[in-house]
Amino acid sequence: MSTSPPPNNALGVLAMNLAMAGFIFNDSFVKAASAFMPLGQLMFVRGAIASVMILAICWWTGAFQKIGLLRNRMLAWRVVGEWGATMFYLTALMHLPIGNVTAIFQVSPLAVTAGAAIFLGERVGWRRWTAITVGFLGVLLIVRPGFAGFNQYAVFVLISVFFVALRDLSTARLPRDMPTFLVTAVTAVMITLTGLALRPFEGSLSHFDTWQPMTWSLFGLLTGAAVFLLVGYIFIIVAMRHGEMSLVAPFRYVILVYAILIGYFVFGDVPDAYMLVGSVIVVGSGLYTLWRERVVKAAPREAAPLP
């Protein structure tokens, strides 16, 4: 009888750190390129490059043999979630410091927990609801609505968090035998087509009314973004499959450190005290939620504490 291999937490932690580095470098390259082209063009070019790479991986791994599994309603909802998350997140990234965008986005795990309780009926007790509330209060401290310096694009990050929750909750209900790379390929192609569809509306979405000439340097930036995005996707899969979730998941917050350092040294963004304190609150709430979830799952069913 075959048994599952024991978890390799060292590999899981390393993979999670590499995944977060991949995602933040993708964001950095995208932000740099957004100064020279509109949103739709950026989504189309990066998406086309990523799609070619992911489709090649699907062919190499034989994922296309299960293409019939794509006729699934949850996959459609997942695509909608990824579409909304990408649209609103990239729009915000064009107008806000990368550290602020990343800090607000760290409330995503809390939003997923809340969504699982509301829409999937998962038990979430008062402790985790309190952590969720505190986490969102931390976001309000970063955003500071109603105060001087408030940027409405911070709301776009929160909207993208809603779509991320939709994406992740839909992903959790996909068939287990549906290949991850096949799901990623479908998403990449749809995002690429969305970028093309945005072409007539560029003036209302970004600083440019029309698509701009592609230079080799811009193509290089978007190729780098696509490569790092794929690195993020691959290593987060490695992290989740080889490490214990309770140990590996907290390392996702290292992306905030990366974002603050890149924002300061590359884009000249200096985080203020509100952003730093709010980030600590958001991350602390997320870590507490992960710890509490571990306690609940570890407790015997007949004597399990309230969530």
Side-chain angles (χ1 to χ4, degrees), residues 4 12 15-16 18-27 30 42-90 105 108-109 111-113 115-116 119-120 122 159-197 222-223 225-243 245 248-249 252 255:
S4 299
M16 179 61 79
L18 291 174
M20 294 304 104
F23 288 138
I24 198 62
F25 277 114
N26 161 69
D27 287 354
V30 165
L42 192 155
M43 289 175 63
F44 175 76
V45 177
R46 186 193 67 164
I49 297 169
S51 295
V52 169
M53 292 189 293
I54 294 171
L55 289 171
I57 291 175
C58 287
W59 174 81
W60 181 59
T61 58
F64 288 128
Q65 295 177 7
K66 295 188 176 182
I67 199 169
L69 294 175
L70 296 181
R71 295 190 297 268
N72 186 286
R73 182 177 61 181
M74 286 298 107
L75 180 59
W77 282 113
R78 188 192 188 281
V79 170
V80 171
E82 190 71 66
W83 169 83
T86 302
M87 283 277 297
F88 286 99
Y89 185 86
L90 291 185
F105 198 71
S108 299
V112 172
T113 300
F119 298 107
L120 300 183
E122 293 189 10
I159 296 174
S160 76
V161 167
F162 166 79
F163 280 105
V164 164
L166 173 62
R167 180 199 67 190
D168 288 356
L169 294 173
S170 302
T171 302
R173 302 185 70 180
L174 289 175
R176 293 192 177 275
D177 57 343
M178 183 180 291
T180 300
F181 287 125
L182 192 58
V183 174
T184 305
V186 171
T187 305
V189 170
M190 293 303 297
I191 295 300
T192 303
L193 295 177
T194 298
L196 186 62
L222 294 180
T223 299
V227 169
F228 280 117
L229 185 63
L230 188 56
V231 166
Y233 280 136
I234 290 173
F235 279 104
I236 203 165
I237 294 169
V238 173
M240 296 306 177
R241 287 186 172 176
H242 291 276
M245 180 74 73
V248 170
R252 71 184 302 131
I255 194 173

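All values below come from the heavy atoms of this structure, side chains included, with hydrogens, waters and symmetry mates left out.
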TODO: Supply the atom-to-atom distance M53 CE to L229 CG, rounded to the nearest 0.5 angstrom.
DONE: 8.0 Å
- [ ] For R167 and E82, work out which heavy atoms get closest and say how close.
- [x] CD-OE1, 3.0 Å
- [ ] To the nearest 0.5 angstrom, please state how far the OG1 atom of T184 sits from the CD1 atom of I54.
- [x] 5.5 Å
Please report, to 0.1 Å, the donor-acceptor pairs under 3.5 Å made by any side chain of residues 58-70, with sequence neighbours excluded.
{"from": "T61", "atom 1": "OG1", "to": "I57", "atom 2": "O", "distance (Å)": "2.8"}
{"from": "T61", "atom 1": "OG1", "to": "C58", "atom 2": "O", "distance (Å)": "3.3"}
{"from": "K66", "atom 1": "NZ", "to": "D177", "atom 2": "O", "distance (Å)": "3.4"}

Open item on the list: Quick one, V231 with F25, criterion side chain to side chain contact (heavy atoms under 4.5 Å, CB included). Give me CA distance, side-chain angles, the key distance, then yes/no.
Closed with: CA-CA 10 Å; V231 166; F25 277 114; over 6 Å; no
Open item on the list: Within the structure provided, determine whether F23 and I236 are in side-chain contact (heavy-atom separation under 4.5 Å).
Closed with: yes
Task: Interatomic distance, L174 atom CG to L182 atom CG [nearest 0.5 angstrom] - done: 10.5 Å
Open item on the list: Any donor-acceptor pair under 3.5 Å linking the side-chain atoms of N72 with those of R173?
Closed with: no
Task: Which atom of A111 lies closest to which atom of V161, heavy atoms considered - done: CB-CG1, 3.5 Å
TODO: Indicate the atoms forming the closest heavy-atom contact of I49 with A226, along with that distance.
DONE: CG2-CB, 3.7 Å
Open item on the list: Just checking F235: does its CZ atom have more than 12 heavy atoms from other residues, nucleotides or ligands closer to it than 6.0 angstrom?
Closed with: no
TODO: Search all heavy atoms of A15 against all heavy atoms of V238 and return the closest pair with its distance.
DONE: CB-CG1, 3.8 Å
TODO: Mind jotting down which residue pairs meet the side-chain hydrogen bond (donor to acceptor under 3.5 Å, both in side chains) criterion with at least one end in residues 185-194? Sequence neighbours excluded, please.
DONE: S51-T192, R78-T187
- [ ] Taking the side chain as every heavy atom from C-beta outward, state whether M178 and V186 have any atom pair closer than 4.5 Å.
- [x] no
- [ ] Could you label the plane-to-plane angle of the F163 and W83 rings as parallel, tilted or perpendicular, counting under 30° as parallel and over 60° as perpendicular?
- [x] perpendicular
TODO: Measure the spacing between CZ of R73 and OG of S170 and express it to the nearest 0.5 Å.
DONE: 10.0 Å
Open item on the list: Taking side chain to side chain donor-acceptor pair (under 3.5 Å) as the definition, give me every residue that meets it alongside Y233, ordered by chain and number, with sequence neighbours left out.
Closed with: none
Task: Point-to-point distance, once rounded to the nearest 0.5 Å, from CG of L75 to CE of M190 - done: 9.5 Å
- [ ] Considering non-hydrogen atoms only, spot the tightest contact between L169 and G115 and give its length.
- [x] CD1-C, 3.6 Å
Open item on the list: Nearest 0.5 Å, please: how far is CG in L18 from CZ in F228?
Closed with: 10.5 Å
